[in-house]
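See below for the structure under consideration.
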Amino acid sequence: MTRWRRFFRYKQNWLALAIIGLFVFVALAAPWLSPAEENGEDPAYLELRDERQQLPRPPRPGSPLGSVPKPFLAIPGVPAGEGHAYQWDIYHTLVWGARSALRFGLSVVLITASFGILVGAISGYLGGAIEGLMMRVTDAFLVFPIIAAVWVLERVVFSRFTDPFGLPVDLSTWQKLVLNLQIDAIWVGFILFSWMPYARITNTTVANLRQSDFVVASRAMGASGWRIIWGHLLPNAIAPSIVLAARDIGAVVILASALIFIGLKGRLSWAVVLVGGRDYIIGMGGNPLSYWWTFLPIALAIILFSLGWNLLGDGLNRTHNPRAN
Amino acid sequence: MTMESTKPHFKGGSDSGGPVDERRKRRWIIIVAVAIGGWAVGFFVFGWWLAPVAFEGATLEQLNKADKERFFSALTELYSEERDPNHIQAILADWPAAAVEICRTAAETGDEFLAVRLTALATELNGVGCMQLAYRQFDETVETGRQFTTTGILIVAGLFMLLVADFWLIRRVSRRLSSSRRQRAKDEALAGVADEGSSTHVIGRVVRAPFTSYILRRLAAIPLTLLIVTAVIYALIMIADPLERASLYLPPNIPTYMTQERMEQVINQIVEEHGLDDPYPVQYFHWLANLIQGDWGWSPNLQDDVLPALLRRTPVTLELTLFALLLFVPLGFLSGLRAGWKANSPGDHRFRIAAFIATALPPFVLGLFMLSIFYVGLGWFPPGRTGFFTLSLNSSTFENYTGLLTIDGLLNGRLDVTLDALRHLVLPVFVLSLFHWATLSRITRASVIEVKDQDYIMAARARGVKPRALLWRHTFRNAIGPGITATALSVAALLTGVFVIERIFGLHGLSELAILGMQSTPDAALALGFAVYTALIVLPIMFILDVLGAALNPRALSDREHR
């Protein structure tokens, strides 16, 4: 694999792998880096119950990055607590949030990429009216902002899972399954509305490859449609999608955090804790750093996370994308 | 088809220039006629149904809202002249629900004076006036604006089929046209008369389709896309059970303090009335028909109709989006062009680092961070939309032409308003543009690098084309395509970004509705209306960018490039 040899020649790619490796390590080692409370609740949040202060408390022994008061709005999936004055430990969520970010980014991108690639490959291979129709549908999905999708899903599907007054709700089997798998509206919305770029890229490449000699030859030898798609077209058309996927993992996490930050419901614990620090970014006298620990560590983690995947995507693009040489 | 038409052309040989030109012109006319005709037929059917012609013999119940109001207004005039309740009762004799209708009209009309007179009229008719009556009648009838019938559903279905047929015809004609052009190009090539300056040339098997036909095709695709989008949205909401969907049809006069039991009664009534247990297509067309008629539903959270609420908040969102596009599209192209032209220079490295960081910065933290510095600290760029002018803008001296403050200020000759609005736009537009600038310029850089090594650039260089012309005319115009396409495709993402930025900078745009809808009781009408409306905003922007891209880069006209 000369491509991979070339890939590892660039220092930039080593940096990307190091950053991603760091996050994977932190995610795996979270129980050792910051032990969670054993109370069966979401382990991503550590409530400092003795802190009954309304203001964020600066770093101190036992809480190396300080703490931030819980936001007033109840967030589903987050234990409600008895009072609002409990504080969340920043360091704890910084460590455990790597898990939720990786889980979110990887699951969304893996599912959307495989679905998009499949759609693109099938439509590109079949051509004709079916291709036209499938690509029209793809284009139609493109005009739809994710935030609206998340809203519709949340209001129509997910709002029925919980009672606004905390009363028990009768759930069907699949609803229980969705609840147990911690699936939420943001996750579903992102999956439904971000597979289109993969479909378009793969469709273009496959449609160009369809006419190439080796495909025509294997069709002449009697290979079935699936075999041609699976064995010949996909391996040759998948590179641009992989590049896109690597970049998307970071972008998806940033966008989801932004949506949670402005008030949508989600389970990315970095963003949820940032909601608590939201009011302290605008500091006294215009100094944004007066409560720096409420947002800076987590914002930097998000930046680094996205930077790592972006660098990886760029490196893959340089060595694996036949167009970019 | 190509095989059949080959022979005569081939024999015709070199003299095929004239007649083909003639035929080409005629086909043009056919394309335009088909497009206009299709749309005209669609619009006549549609328009007749939207604003029906007056016809006689209608019963009073069949009047639409505005006519009912006019009719009742005339009745009050009559009554105030004659003071004869018996005459009024005689007029309304075969309409037992007239008093209810009058009360409803009184509740809905914007004219307070008329409302008072209508209430008096209702009192004369039923002896109790409007208040109790509304309560008494509420359990019996839940009126939800215009009733919809099977005929209506059939008309919408017909419209749908007309649009599809229209689309198909345009494609068909334009394909015939381009195949005849391909034929002509082949003929010319065979006859050896093809010259370089000819407007048709063969690139592999793809032949340039004409610009206007491209625009027509994209225009025809818009309704189709909308149909797919609405179908998808309604499919999403079909997951919920009928009781949930019933909130789509809540009547506007629903009291806020209704008890649980009464609410359930109303909901069950709606489910029955609107056939919410029907199969998906029926319900979808029903909903779509209401949508087209302008009946987007009533939102109990807003205490307002959905469509006006959306329309009122649009200018803020639109202004932000347009200014961001105006900033990051030129900047993205320029910096990408510069970086790609001098790839691997120190400037290029600086650019790449900046672009990397810009893509990785979370806009929400950045926005608040900058507000802290530039507003709280330095006092330069305040959040919100206007400063001191908020009061004077509502006065009669300031006309709202477009709703965009920057443009309205200029139109009213109030330069201070425009400058103030621009000052408020600086931070949000900057934060919003950063990410999109980085993406666009990275794409442009890559395509400039690709184009730079092409043979025709080399040839132009060898011909002695000046560096400036080489850069702008030869490289830039060929490298601009992927960037424009990517921008057009990411308009929806841009809009999502706009919503985030609006929240952070306290702009009361469309996102206000989204957040309100997320945090209050379920409100399907608002959610669906918002979803359809955002798609409606995205489509024209996308179309404009597509056409712009096609105008700048003729390669985009070919089918393959734009699938």
Side-chain angles (χ1 to χ4, degrees), chain A residues 73 131-132 135-137 139-149 151-157 159-160 164 192-193 196-197 200 203-204 207-208 247 250-251 254-255 257-259 261-265 274 278 281-283 285-288 295 299 302-304 306-307 310-311 314 323-324, chain B residues 221 224-229 232-233 236-237 239-240 244-245 356-357 359-365 368-369 371-379 446 449-450 489 491-493 495-497 499-500 503-504 511 514-515 517-519 521-524 527-528 530-531 534-535 538-539 542 560 563:
Chain A
L73 282 173
E131 182 185 20
M135 286 298 109
R136 271 289 141 251
V137 173
D139 284 356
F141 270 77
L142 270 169
V143 304
F144 201 72
I146 283 181
I147 187 172
W151 182 10
V152 171
L153 283 169
E154 171 72 44
R155 292 288 73 176
V156 179
V157 184
S159 66
R160 300 197 75 82
L192 277 182
F193 289 93
M196 299 81 73
R200 287 179 65 107
N203 173 54
T204 316
N208 288 336
R247 283 177 183 161
I254 285 199
L255 187 55
S257 307
L259 295 187
F261 192 78
I262 64 168
L264 272 64
K265 295 165 184 171
L274 269 183
R278 185 163 60 181
I281 299 181
I282 297 184
N287 175 14
F295 65 95
I302 293 179
I303 293 173
L304 205 61
S306 152
L307 206 61
N310 255 311
L311 281 172
D314 214 51
R323 274 172 63 103
Chain B
L224 202 68
T225 313
L226 264 182
L227 280 174
I228 297 175
V229 169
V232 168
I233 297 172
L236 274 186
I237 206 172
I239 301 172
E244 185 78 31
R245 264 173 283 135
F356 265 124
I357 294 175
T359 27
L361 280 179
F364 43 104
V365 173
L368 285 176
F369 202 82
L371 262 186
S372 183
I373 296 173
F374 291 104
Y375 172 53
V376 185
L378 301 171
I449 290 177
E450 196 181 326
L489 293 182
V491 173
L495 207 61
T496 302
F499 293 148
V500 173
R503 291 308 295 166
I504 284 162
S511 63
I515 300 306
M518 289 296 289
Q519 288 172 352
T521 51
D523 185 349
L528 282 192
F530 181 81
T534 42
V538 169
L539 268 174
M542 226 173 187
R560 171 63 58 211
R563 278 277 161 70

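What you are looking at is a predicted structure, and each value in this text was computed from that prediction instead of being measured. Computed from heavy atoms alone, side chains included, the values below leave out hydrogens, waters and symmetry copies.
Qualifying side chain to side chain donor-acceptor pair (under 3.5 Å) partners for B/S511, counting only residues two or more places apart in sequence or in other chains: B/E502. With sequence neighbours excluded, the residues forming a side chain to side chain donor-acceptor pair (under 3.5 Å) with B/T359 are B/R442, listed by chain and number.
With a 4.5 angstrom heavy-atom cutoff, B/A535 touches chain A via backbone and side-chain atoms both. In this structure, no portion of A/L304 lies under 4.5 Å from any heavy atom of chain B. For chain A, no part of B/L378 is nearby; none of its heavy atoms comes within less than 4.5 Å. Using a 4.5 Å cut-off between heavy atoms, A/F261 touches chain B through its side chain atoms alone.
Across all non-hydrogen atoms, the minimal contact from B/F499 to A/I147 is CD1-CG2, 3.3 Å. Between A/A148 and B/A531 the shortest heavy-atom distance is CB-CA, 3.8 Å. Residues B/M542 and A/V143 come closest through the heavy atom pair SD-CG1, 3.5 Å. A/A299 approaches B/P362 most closely through the heavy-atom pair O-CG, 4.4 Å. The nearest pair of heavy atoms linking A/L142 to B/A492 is O-CB, 3.2 Å.
Interatomic distance, CD1 of B/I357 versus CG of A/L307, reported as 7.0 Å (0.5 Å rounding). Taking CZ from A/R200 and CG from B/L489, the interatomic distance works out to 4.5 Å, rounded to the nearest 0.5 Å. Taken from CG in B/L371 to CD1 in A/I282, the straight-line distance is 4.5 Å, to the nearest 0.5 Å. With rounding to the nearest 0.5 angstrom, the CG atom of A/D139 is 8.5 Å from the CD1 atom of B/I228.
Screening B/V229, B/V232, B/L495, B/V538 for a side-chain contact (heavy atoms from CB on, under 4.5 Å) with A/F144, the sole residue that qualifies is B/V229.
The shortest distance between side-chain heavy atoms of A/I262 and B/F364 does not fall below 4.5 Å. A/D314 has its side chain within reach of B/F356: a pair of non-hydrogen atoms, C-beta onward, lies under 4.5 Å apart.
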query = Checking side chain to side chain contact (heavy atoms under 4.5 Å, CB included) for the pair A/L264/B/I515: CA distance, chi angles, key distance, verdict?
reply = CA-CA 7 Å; A/L264 272 64; B/I515 300 306; 4.0 Å; yes

